[in-house]
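Please find one structure pasted underneath; my questions will follow.
Heavy-atom basis, side chains included; hydrogens, waters and symmetry copies ignored. Counting starts at 1 for both ligands and their atoms, in listed order.
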Amino acid sequence: MRSLHPTFSTPFVAVDGGGVFPVHRIYCVGRNYADHALEMGGDPSREAPFFFSKPADAVIQGHAVPYPPKTADLHHEVELVLALGTGGSDLSLEEADAAIYGYAVGVDLTRRDLQAEAKSKGRPWDMAKGFDCSGPIGRIIVRSGDGPAPHSRIRLSIDGTEKQSGTLAQMIWSPAEIVANLSSYVELKPGDLIFSGTPAGVGPLARGQKVTAEIDGLPRLIFTIK
Ligand code: MN
């Protein structure tokens, strides 16, 4: 038997100030802001966090993001991304908090039409969420102290028009709670990224549109859909 010699390399994200963060896996939280849960038809008062994932090489840095095939309804979801420096299983809140190495602004790009079809048929979300280049992400800020303040604004604009706006305080589950909860399902590892949910205002993107995604204190993420 001949061996397959891999031609791929570990995906990575640039760290602000120099260096790179090698990406092991990408997890995402569904419905972590009450106003977005409501706009998607959910009930924010009773739903525990749930998780889905993207392939590690879904991350994309740079100013051009391709419009994916097989959709006519590509949506933006601006999110705080947690970058883990350590891992573990069944982490306490304190251990979960200490596992967070840094933070970035990300956009959980979504084929909303495929997601709606998957929901209605009880099928997996993978092709709605985990397609190529579905995770544009800004540079990672290495954490100092407590991380982004709860009053930090999170927002996304298209061609200069604001579409999503909120604060991190609106998150139903805090970063430490998300990491702790996820660690009860899987053993988390250094290099794992967690997209932590989006505020209300998600909507469609078209080719040629310029997206600006921002969280106070983090490097701004800007890209154009090609
Ligand atoms: Mn999302």
Side-chain angles (χ1 to χ4, degrees), residues 13 23 25-44 47-61 65 67-68 71 73-84 100 103-119 123-138 140 148 152-158 162-175 177-179 181-182 185-186 192-205 211-215 218 221 223 225:
V13 176
V23 179
R25 296 175 296 194
I26 303 173
Y27 292 104
C28 306
V29 183
R31 295 182 186 171
N32 197 33
Y33 289 72
D35 53 357
H36 175 62
L38 290 168
E39 78 178 347
M40 297 303 289
D43 178 352
E47 292 185 7
F50 66 93
F51 300 95
F52 57 92
S53 62
K54 296 176 185 279
D57 65 358
V59 289
I60 176 169
Q61 292 196 290
V65 172
Y67 195 100
T71 184
D73 197 21
L74 178 68
H75 272 210
H76 55 80
E77 299 187 355
V78 61
E79 312 204 359
L80 173 68
V81 180
L82 315 174
L84 300 193
I100 301 172
Y103 304 89
V105 180
V107 176
D108 168 17
L109 290 177
T110 302
R111 288 164 163 154
R112 194 69 75 199
D113 42 2
L114 296 198
Q115 187 194 28
E117 183 182 13
K119 284 179 178 177
R123 289 178 178 168
W125 288 10
D126 299 49
M127 293 302 109
K129 289 288 196 177
F131 51 91
D132 298 338
C133 303
S134 58
I137 185 168
I140 291 172
S152 299
R153 292 181 64 195
I154 176 170
R155 48 197 167 146
L156 180 143
S157 63
I158 300 175
E162 190 167 272
K163 300 293 186 182
Q164 292 188 264
S165 180
T167 70
L168 298 183
Q170 294 171 321
M171 294 171 73
I172 295 170
W173 298 87
S174 71
E177 288 171 329
I178 290 166
V179 173
N181 193 292
L182 182 57
Y185 290 94
V186 293
D192 287 342
L193 293 176
I194 304 171
F195 282 62
S196 63
T198 195
V202 302
L205 287 166
V211 176
T212 302
E214 300 173 273
I215 297 174
L218 300 183
L221 169 61
F223 60 88
I225 301 292

Q | Sidechain N-carboxylate O distance under 4.0 Å for Lys129, Glu77 | A |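 Between Glu77 and Lys129 there is a salt bridge, with a charged N closer than 4.0 Å to a carboxylate O.
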
(Q) I need the single residue from Lys163, Glu162, Gln164 that forms a side chain to side chain contact (heavy atoms under 4.5 Å, CB included) with Arg155. Which is it? (A) Glu162

Q) Can you tell me how far the CG atom of Leu168 sits from the OG atom of Ser152, to the nearest 0.5 Å? A)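 Atom-to-atom, Leu168:CG and Ser152:OG are 5.0 Å apart.
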
Q. Considering residues at least two apart in sequence or located in another chain, which fulfil the side chain to side chain contact (heavy atoms under 4.5 Å, CB included) criterion with Ser53?
A.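 Ser53: side chain to side chain contact (heavy atoms under 4.5 Å, CB included) contacts with Tyr27.
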
**Q.** Atoms of protein origin (N, O or S) under 2.8 Å from the Mn ion (ligand 1)
**A.** Glu77 OE1, Glu79 OE2, Asp108 OD2

Q | Minimum heavy-atom distance between Ser196 and Asn32, given as atom pair plus value | A |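 Distance-wise, the nearest heavy atoms are O-ND2, 3.0 Å.
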
**Q.** For Gly138 against Leu221, the heavy-atom pair lying closest together
**A.**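 Scanning both residues, the minimum pair turns out to be N-CD1, 3.8 Å.
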
